[in-house]
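These notes concern the structure reproduced below.
Chain letters run A, B, ... following the sequence lines, proteins first and then strands; every chain starts at 1.
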Protein chains: 2
Amino acid sequence: MKARSPHTDEQHLTEQLGATGFRLTPQRQQVYDVLRHKRDHPTAEEVFIRAKHAMPEISMATVYNCLDALVKCGMARQVTVDRGATRYCPNMHEHGHCHCDACGKIFDVDIPHELAGLTLPAGFLARHFDVAVHGLCAACVAKKK
Amino acid sequence: MKARSPHTDEQHLTEQLGATGFRLTPQRQQVYDVLRHKRDHPTAEEVFIRAKHAMPEISMATVYNCLDALVKCGMARQVTVDRGATRYCPNMHEHGHCHCDACGKIFDVDIPHELAGLTLPAGFLARHFDVAVHGLCAACVAKKK
DNA sequence: TCAAGATTTAGAATAATTCTAAATGTAAGA
DNA sequence: TCTTACATTTAGAATTATTCTAAATCTTGA
């Protein structure tokens, strides 16, 4: 997680948005800041609640719109580990998610390149791998004892 | 996909349901038959429509109840490849899913054992791997040309 | 300055799923 | 066999997450 200067950050966001035909707006900046600030894979509703602290006027519809723009321009990813609300993640590296079924915590995990060795149906053109590991995190394993 | 005699099948279903405290009912049998008959990962609604042909009185709530019982007793799995309705799959082998983003078709794929080599957070106890490959199936790649 | 178009907003609409409560079915014991 | 307890089914209401709609506001470039 390299620190980037705020200036470069904003510039990068503007570029990415711009390249996909979107503008940088205060709301989009704010939503992106929320994602970067606490990388715990929040749902749209959690993003909404956090964004409201700095920007009380923001609406839920705008949060959805902003998250959608961020996903489309390649600054965030949607994460689906369970039924229930979609979660968002600003980590754009190829990675998977480890989900604790007891407490709901989500951890990013690297996915091994061997995965590319999957035998796919003939002619299938793979573009993205979604890997979710379900189980119990260390804390919850300990609790069960 | 080994053929099993209908008798053994029903027996197996009864046992599995029973072991989890469920009974075999005509509706659960029917829903399971639908899953086994056409293994195209139908949604609850698709299962409902198909089940109605043989059992016109069956209700949506019952289909959800039956699918839930089948999942709980280990006779079916939920599959989540995209937002939108949960899909169901009677293939209980450890396997992943390959999803064509253009036509929506879903293919079962074996997942390599190397996946077990994922570096998980310390102490994490993995119980299940969910692998979804997104891309384009051969037919849709051809169409794009 | 103005027009075109992008964005935000509140609230309505939709989709998928779960919940509720009443009716029905089933199994086990008196 | 009768009864009681409990499981199951059913229709419809409720809930949740998300998308849509239409009006208001903002931005940008001519």
Could you check if a side-chain atom of A/Tyr88 sits within less than 4.5 angstrom of a side-chain atom of A/Val79, using non-hydrogen atoms only?
no
Atom CG of B/Asp82 and atom P of C/dA16 are separated, to the nearest Å, by 11 Å
Are B/Gln27 and C/dG25 close enough that a side-chain N or O sits under 4.0 Å from OP1 or OP2?
no
From CG of B/Leu24 over to P of C/dG25, roughly how many Å is that when rounded to an integer?
17 Å
Quick one: do A/Asp68 and A/Arg28 make a salt bridge, cutoff under 4.0 Å?
no
Are any of A/Thr86's side-chain N or O atoms less than 4.0 Å away from OP1 or OP2 of D/dT18?
yes
Of all of residues 51-67 of chain A, which get a heavy atom below 4.0 angstrom from DNA chain C, listed by number?
A/Glu57, A/Ile58, A/Ser59, A/Ala61, A/Thr62, A/Asn65
Whole-Å distance between C/dT17 P and B/Phe48 CZ?
14 Å
Residue pair A/Leu70 / A/Val31, side-chain heavy-atom distance below 4.5 Å:
yes
Rounded to whole Å, how long is the line connecting atom CZ of B/Arg87 with atom C1' of C/dA16?
13 Å
Salt bridge present between B/Arg77 and B/Asp130 (N-O < 4.0 angstrom)
yes
To the nearest Å, how far apart are A/Glu46 CD and D/dT18 C1'?
16 Å
Rounded to whole angstrom units, what separation is found between the NZ atom of A/Lys72 and the C1' atom of C/dA6?
14 Å
Do other residues, nucleotides or ligands put more than 12 heavy atoms under 6.0 Å from B/His37 NE2?
no
Presence of B/Arg23 side-chain N/O under 4.0 Å of C/dA27 phosphate oxygens OP1/OP2:
no
Whole angstroms only, please: what is the CG-P distance between B/Asp68 and D/dT9?
12 Å
Can you find a side chain N or O atom of A/Arg83 that sits less than 4.0 Å from OP1 or OP2 on D/dA17?
no
Please name the residue in the list A/Asn91, A/Asp108, A/Thr80 that meets the side chain to side chain donor-acceptor pair (under 3.5 Å) test with A/His97.
A/Asp108
Is the distance from OP1 or OP2 of D/dA7 to the nearest side-chain N or O of B/Thr25 less than 4.0 Å?
no
To the side chain of A/Glu45, which of C/dT17, D/dT8, D/dA17 is closest?
D/dA17
Against the side chain of A/Arg28, the closest entry in C/dT17, D/dT8, C/dT7 is C/dT7
Nearest whole Å is fine: how far is C/dT26 C1' from B/Leu17 CG?
15 Å
Quick one: are B/Glu10 and B/Leu24 in side-chain contact, heavy atoms under 4.5 Å?
yes
